[in-house]
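Here's the structure, in structure tokens; my notes come after.
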Amino acid sequence: TMKIKKSIVQLLTVLSLVTFITACTNDAWDEHYSAVPSIKSELNTFDYIKSQSNLTKFTQMLELTGYDSILSQSQTFTVWAPVDESLTGVDMDNLPEVTKIVTNHITRYSHPSSEVSKKARNITMLNSKLIEFKNSATGFTFDSKAITTPDIATKNGIIHILSQYVAYKRNFWEFINETPGLDSLKTYLNNMSILELDNDKSYEDGVFVDSIFKQTNFILDYVAALNVEDSIYTGILPDNQAWITAYNAYFPYFKTLPAEGGVA
């Protein structure tokens, strides 16, 4: 009958639409998440790096810092591995600096080049630094350093070979705390840090579970998040001499109540 034919036509139309939408969805999924690996290996990420003759220095750095065992685990990592020539100036005896460099080149989860084929991304590294991974006119780059071999698929992640290593860049808070000559400013800001018990996390249903502490700092929490890397600040920082000069100039005008200590 006419009604049956009409129903069949409507059903076929719906099925065609579903098939089309599914195909489009799959295409979009594949385009975003799939990458054709330049190399496939059954080795884990560390073992593959160790097997490469041009990555011996980075291998040594991983072993010195203990990240050789971390990259051998079943968790998924992406590593931007710098070649030996770029690491000749690194002091392997300076373990804190070596650790900064290592954690500046590793992140969790898979990040193939297809992820940034159309739009650059800031990748959060193991040290919480944000580094730009992008597709430039000359090829894929990581913090503007050329990726010579992208998308090496390993047993537990992806490796991109870098022509140069990415230097560790201090944030505003690190700069203040590590730069000689800013001791007065550093002391003032750090004196505002308060370590206190976090009652919400230390108690569960009114029962004490564990001592969980939290650190607060008035400047970092309410004025400027100088230790957070997704914000940009410009500052004019007084050195010790400028700080003392300003302090002595303003101190005579600063009066406190007796309850707060009175006049010093």
Side-chain angles (χ1 to χ4, degrees), residues 57-58 61-62 64-67 70 77-82 86-108 111 116 120-134 136 141-147 160 162-196 198 213-251 254:
K57 289 188 178 295
F58 192 60
M61 295 169 75
L62 293 172
L64 286 170
T65 56
Y67 279 89
I70 292 175
F77 297 93
T78 298
V79 180
W80 287 263
S86 69
L87 297 169
T88 53
V90 175
D91 181 5
M92 295 294 181
D93 294 325
N94 190 338
L95 189 57
E97 290 302 314
V98 171
T99 303
K100 285 181 178 180
I101 294 174
V102 167
T103 55
N104 218 36
H105 291 78
I106 305 172
T107 189
R108 295 187 182 277
H111 294 282
V116 295
R121 282 196 59 188
N122 285 325
I123 306 296
T124 303
M125 311 310 293
L126 290 186
N127 58 14
S128 299
K129 296 293 178 182
L130 295 175
I131 300 180
E132 186 180 52
F133 182 26
K134 67 181 292 186
S136 67
T141 61
F142 187 65
D143 192 45
S144 300
K145 309 298 188 296
I147 296 174
H160 306 285
L162 276 179
S163 60
Q164 303 175 59
Y165 84 92
V166 177
Y168 183 91
K169 297 175 184 177
R170 294 178 294 179
N171 59 39
F172 226 113
W173 186 248
E174 290 170 326
F175 181 86
I176 292 172
N177 279 277
E178 297 174 10
T179 302
L182 297 178
D183 307 272
S184 298
L185 175 62
K186 176 179 70 175
T187 300
Y188 173 76
L189 293 175
N190 280 283
N191 280 343
M192 291 193 178
S193 295
I194 299 174
L195 188 65
E196 56 187 354
D198 189 331
F213 291 88
K214 64 179 178 181
Q215 182 165 296
T216 59
N217 182 292
F218 177 81
I219 297 296
L220 299 180
D221 296 339
Y222 299 104
V223 179
L226 302 178
N227 58 341
V228 178
E229 312 242 343
D230 62 355
S231 301
I232 297 176
Y233 298 96
T234 298
I236 301 175
L237 306 178
D239 61 14
N240 293 332
Q241 182 178 352
W243 181 277
I244 293 170
T245 300
Y247 180 88
N248 291 335
Y250 288 109
F251 181 75
F254 184 74

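The first residue of the sequence shown is numbered 1, and numbering continues consecutively from there. Since the structure is predicted, the reported quantities are computational estimates derived from the model, not experimental observations.
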Exercise. If you look at every heavy atom in Arg108 and Leu126, which pair is closest and at what distance?
Worked result: CG-CD2, 3.9 Å
Exercise. Does the gap between the ring centers of His160 and Trp80 come in under 6.0 Å?
Worked result: yes
Problem set entry | Residues, nucleotides or ligands: over 12 heavy atoms within 6.0 Å of Gln241 CD | no
Problem set entry | Thr179 side, atom OG1; Arg170 side, atom CZ - distance, nearest 0.5 Å | 4.0 Å
For this session: Give the C-alpha distance, both sets of side-chain angles, the deciding distance and a yes or no for side chain to side chain contact (heavy atoms under 4.5 Å, CB included) between Ile106 and Leu62.
Result: CA-CA 11 Å; Ile106 305 172; Leu62 293 172; 4.0 Å; yes
Problem set entry | Nearest heavy atoms of Tyr165 and Ser86, plus distance in Å | CD2-O, 3.1 Å
Exercise. Pick from Thr107, Thr103, Val102, Val166: which one makes a side chain to side chain contact (heavy atoms under 4.5 Å, CB included) with Met125?
Worked result: Thr107
Problem set entry | Gap separating the OG1 atom of Thr124 from the CD atom of Glu229, nearest 0.5 angstrom | 9.5 Å
Problem set entry | Distance, nearest 0.5 Å, that separates CD1 of Ile123 from CG of Leu130 | 9.0 Å
Problem set entry | Point-to-point distance, once rounded to the nearest 0.5 Å, from CG of Leu226 to CG of Leu220 | 5.5 Å
Problem set entry | Electrostatic pair Lys100-Glu174, nearest N-O below 4.0 angstrom | no
Exercise. Mind checking whether Tyr247 and Phe251 have parallel, tilted or perpendicular rings, split at 30° and 60°?
Worked result: parallel
Problem set entry | Spatial distance of atom CG (Leu182) from atom CD1 (Ile176) [nearest 0.5 Å] | 7.0 Å
Exercise. Nearest heavy-atom pair of Ala225 and Tyr233: which atoms, and what distance?
Worked result: N-OH, 2.9 Å
Problem set entry | Separation of Asn217 CG from Trp173 CH2 (nearest 0.5 Å) | 5.0 Å
Exercise. Which heavy atom of Glu132 sits nearest a heavy atom of Ala120, and at what distance?
Worked result: OE2-CB, 3.7 Å
Problem set entry | Nearest heavy-atom neighbours spanning Val116 and Phe133 | CG1-O, 3.3 Å
Exercise. Which heavy atom in Val90 sits nearest to a heavy atom in Val98, and how many Å separate them?
Worked result: CG1-CG2, 4.3 Å
Quick one: side chains of residues 185-192, donor-acceptor pairs under 3.5 Å with protein atoms, not counting sequence neighbours, listed by atom name and distance.
unit_1, atom_1, unit_2, atom_2, d
Thr187, OG1, Asp183, O, 2.8
Asn190, ND2, Asn177, OD1, 2.8
Asn190, ND2, Lys186, O, 2.8
Asn191, ND2, Thr187, O, 3.2

